[in-house]
Amino acid sequence: MNCVEFRRQLAIDPQATAADFVQHRAECPRCAEAHARALAFEGDLVRALNVAAPAQLAEAILLAQTTAERRRRTNLRRASMFALAAALVLGIGVVGMRAEAKPLSVQAVEHLESEKEVLALTAPVAAAEVTATFAKRGVTLKQVPDGISFVAPCPVGASKHRSVHLVMPTADGPLTVIYVADQKVGAAADFERDGLRGRSLPLGNGTLILLAKSPAEFDRVEALWRAAIAG
Ligand SMILES: [Zn+2]
Ligand SMILES: [Zn+2]
């Protein structure tokens with residue numbers, strides 16, 4: 001199991017006890033730390049649900065029992081539907097929070113990992129295709145940087161962020177550029193994840209994310225996209 005597989009499993013079930021899951025946690029300090037954070041979050045959720053949910057459900061059942069003496073059939077059916085609805089709402093709430101808890105940088109790395117084959121592309125893409133792809137995301141480019149070998153209007157992350165995914169081959173290896181048009185991070189940050197170096201920064205109305213094995217070309221490529229998007 002690698003880091004990406006581990007994080008995917010972690011998102012599904014932090015309590016997982018499968019041998020490969022446990023083994024990766026023991027061997028990888030960063031994933032072990034993520035696991036500890038997930039368990040703490042899980043604990044908070046369980047505590048929150050234990051306080052709020054049974055109180056509401058108990059009330060609903062009590063109400064149903066009282067009225068049941070008068071209108072037995074209808075109200076029991078309604079109460080069980082209410083309990084089912086409450087359980088559904090709570091369940092959806094938990095899933096929604098998990099999906100949103102992932103930072104954009106993590107979603108970008110996971111997206112790259114899921115489409116690794118495009119890193120091998122080297123033939124240049126026409127500038128008109130780059131312009132058209134950004135236009136689909138509501139972004140008018142002021143100019144198109146040279147040296148783009150892949151462009152696609154990919155949905156990124158569980159909440160399908162409106163993004164443009166690009167690859168730029170450099171002397172230092174392929175550099176992935178992901179422009180998330182519908183979410184703007186507060187501040188620029190460099191990061192390291194799953195053996196990749198990364199940079200995310202607010203640009204225009206969205207977020208520019210750079211990913212590569214080394215950050216050697218980040219400054220040059222950042223300047224290109226600043227000129228292209230912000231002008
Ligand atoms: Zn790991
Ligand atoms: Zn993509």
Side-chain angles (χ1 to χ4, degrees), residues 1-41 98-99 101-126 129-139 141 144-145 147-170 173-183 191-200 203 206-213 221 225 229:
M1 187 174 262
N2 63 29
C3 291
V4 176
E5 289 160 347
F6 182 91
R7 299 304 169 103
R8 211 165 277 150
Q9 183 57 42
L10 183 61
I12 298 165
D13 180 16
Q15 317 267 9
T17 53
D20 52 350
F21 183 83
V22 172
Q23 190 193 344
H24 184 84
R25 188 185 58 206
E27 287 168 354
C28 177
R30 281 186 303 154
C31 286
E33 197 190 311
H35 182 247
R37 273 198 308 272
L39 282 186
F41 179 61
R98 274 222 188 111
K102 276 190 189 172
L104 275 187
S105 57
V106 177
Q107 297 180 42
V109 170
E110 288 181 353
H111 183 75
L112 180 159
E113 300 278 356
S114 71
E115 292 180 353
K116 266 191 161 156
E117 62 282 358
V118 302
L119 292 173
L121 299 174
T122 52
V125 165
E129 196 182 339
V130 179
T131 306
T133 309
F134 272 90
K136 270 185 200 153
R137 297 316 200 190
V139 178
L141 291 184
V144 178
I148 295 170
S149 61
F150 171 76
V151 62
C154 292
V156 167
S159 42
K160 307 233 179 292
H161 286 293
R162 293 168 57 76
S163 308
V164 178
H165 174 184
L166 306 107
V167 175
M168 302 174 77
T170 74
L175 194 155
T176 297
V177 179
I178 292 179
Y179 184 68
V180 181
D182 62 3
Q183 191 174 328
F191 58 91
E192 201 176 342
R193 187 171 183 88
D194 296 335
L196 282 172
R197 303 293 294 269
R199 172 173 296 177
S200 67
L203 183 58
T207 301
L208 185 76
I209 298 170
L210 308 180
L211 300 166
K213 292 267 182 238
V221 172
W225 287 103
I229 292 170

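Order of listing sets the numbers, starting from 1, for every ligand and every atom in it.
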Pair Phe21, Asp13 - check side-chain contact (heavy atoms from CB on, under 4.5 Å), show working.
CA-CA 11 Å; Phe21 183 83; Asp13 180 16; over 6 Å; no
Side chain to side chain contact (heavy atoms under 4.5 Å, CB included) with Ala152: which residues, sequence neighbours excluded?
Phe150, Cys154
How about Arg8: does its CZ atom have over 12 heavy atoms from other parts shown lying under 6.0 Å from it?
no
Mind checking whether Phe6 and His24 have parallel, tilted or perpendicular rings, split at 30° and 60°?
tilted
ang(NE2 His24, the Zn ion (ligand 1), SG Cys31) rounded to 10° is 100°
Strictly distance-based, threshold 3.5 Å: is any side-chain N or O of Ser163 a donor or acceptor partner for the main-chain N or O of His161?
yes
Glu110/Lys102 ion pair, N-O < 4.0 Å:
yes
Using a cut-off of 2.8 Å, how many protein N, O or S atoms lie below it in distance from the Zn ion (ligand 2)?
4
